[in-house]
There are 2 protein chains.
Amino acid sequence: MSKNKKKNSGCEINYVNKKSVNRVNKSMKNQEVIVKLAETFKVLGDPTRTKIVYALSKEELCVCDLTSIMGISQSGVSHQLRVLRNMDLVKYRREGRVAYYSLNDEHIANLLEEGLEHVEEKL
Amino acid sequence: MSKNKKKNSGCEINYVNKKSVNRVNKSMKNQEVIVKLAETFKVLGDPTRTKIVYALSKEELCVCDLTSIMGISQSGVSHQLRVLRNMDLVKYRREGRVAYYSLNDEHIANLLEEGLEHVEEKL
DNA sequence: CTTTTATATGATTACATGCTCATATGTTAT
DNA sequence: ATAACATATGAGCATGTAATCATATAAAAG
């Protein structure tokens, strides 16, 4: 090629505000924490699960009650409860055949509350 | 068929704790709010976006800086910024060719903080 | 004007995921 | 033991989505 000019897409490295980038990189959480945090939000980021968690923020409920509230199959509810359990968002206790689910810690209800404030502010 | 016994999977309607279900149904948010809330969490539920939002919780940054921090293409960063913008999680101002992004309201940083407390508690 | 640079966006692809169906597991009762 | 029932789980399908590439805007400089 006769031209050695390059048509750059995106910024050159020397154009970055290095101080900002260094500050942010320095205070950045490590990838493991970021991924775990993202997974937590992702788990809350499906309407079925959001509704389950909201219901459980009101009171402890068995799978049967949740199935009635959710309007999807019992299988579907159980699958989603497992997802929530795996991310430590909910816990459960068994009483005979019945499994009662509830939120795992107070952060979960706080997350919902904070999210609701953001959402209802923008309506 | 000679048998008319039904082998039920899932609970019978008359087995549900009706009072619990009624209480929860009564205080349930409407579907629109649940869906919007879920969308908000979903948007925070991807490691790339989580990291972008975390970075922006530290200071205002341009796309170029973010690209350097994120380690993916500028195109990828821009696509994710649009997603965050569409859910009102971030806002931006232009200064010449440069677009500076920042968090849209204080709830966003609070959500991150609350999520981090949950995550770091379980490590 | 044309060139350069910062950002935005359409198309494509590879992969993830929520739902239902069928079935398994675990608990109580007969 | 067998039956009944609450819950859990594997398979399969249908849909969603994050990444990149190529290209389009937009703003400043020559």
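Throughout, a chain's letter reflects where its sequence line sits, starting with A, and its residues are numbered from 1. All values derive from a computational prediction rather than experimental measurement. All values below come from the heavy atoms of this structure, side chains included, with hydrogens, waters and symmetry mates left out.
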Peer 1: Quickly work out the A/R97 CZ to C/dT30 P distance and round it to whole Å.
Peer 2: 10 Å

Peer 1: Can we say A/E120 and B/K29 salt-bridge, meaning some charged N sits less than 4.0 Å from an Asp/Glu carboxylate O?
Peer 2: yes

Peer 1: Once you round it to whole Å, what is the distance between P of C/dA16 and CD of A/E39?
Peer 2: 12 Å

Peer 1: For B/R94 and C/dA8, what is the distance between atoms CZ and C1' respectively, to the nearest whole Å?
Peer 2: 9 Å

Peer 1: How far apart are the closest heavy atoms of B/V53 and B/L44, and which atoms are they?
Peer 2: CG2-CD2, 4.0 Å

Peer 1: In the structure I gave you, are the side-chain heavy atoms of B/R85 and B/K91 within less than 4.5 Å of one another anywhere?
Peer 2: no

Peer 1: Rounded to the nearest angstrom, tell me the gap between atom CD1 in A/I52 and atom P in D/dT7.
Peer 2: 13 Å

Peer 1: Taking the side chain as every heavy atom from C-beta outward, state whether A/R23 and A/K19 have any pair of such atoms under 4.5 Å apart.
Peer 2: yes

Peer 1: At less than 4.0 Å, is any side-chain N or O atom of A/Y100 found next to OP1 or OP2 of D/dT7? Yes or no.
Peer 2: no

Peer 1: To the nearest angstrom, how far is B/Y92 atom OH from C/dA8 atom P?
Peer 2: 6 Å

Peer 1: Do A/S78 and D/dT9 share a donor-acceptor pair, side chain to base, under 3.5 Å?
Peer 2: no

Peer 1: Separation of A/E95 atom CD from C/dT27 atom P, in whole Å?
Peer 2: 13 Å

Peer 1: Please determine if a side-chain N or O atom of B/R82 lies less than 4.0 Å away from the OP1 or OP2 oxygen of C/dG10.
Peer 2: yes

Peer 1: Answer yes or no: side-chain N or O of B/S75 and base N or O of C/dT7 forming a donor-acceptor pair under 3.5 Å.
Peer 2: no

Peer 1: Would you say A/Y54 and A/I52 make side-chain contact, with heavy atoms under 4.5 Å?
Peer 2: no

Peer 1: Does A/R85 place a side-chain N or O at less than 4.0 Å from the phosphate oxygens OP1/OP2 of D/dT7?
Peer 2: no

Peer 1: In whole Å, I'd like the distance from the CG atom of A/N17 to the P atom of C/dT7.
Peer 2: 12 Å

Peer 1: Ion pair present between A/D105 and B/K122, side-chain N to carboxylate O less than 4.0 angstrom?
Peer 2: yes

Peer 1: Whole Å only: how far is the CD atom of B/Q74 from the P atom of D/dA22?
Peer 2: 14 Å

Peer 1: Less than 4.5 Å apart, any side-chain heavy atom of B/Y92 and any of B/L84?
Peer 2: no

Peer 1: Collect all protein-nucleotide pairs involving nucleotides 16-19 of chain D in which both atoms are nitrogen or oxygen and the distance is under 3.5 Å.
Peer 2:
unit_1, atom_1, unit_2, atom_2, d
D/dT17, OP1, B/K42, NZ, 2.8
D/dA18, OP1, B/R49, NH2, 3.0
D/dA18, OP2, B/R49, NH1, 2.9
D/dA19, OP1, B/T48, OG1, 2.5
D/dA19, OP2, B/Q80, NE2, 3.1

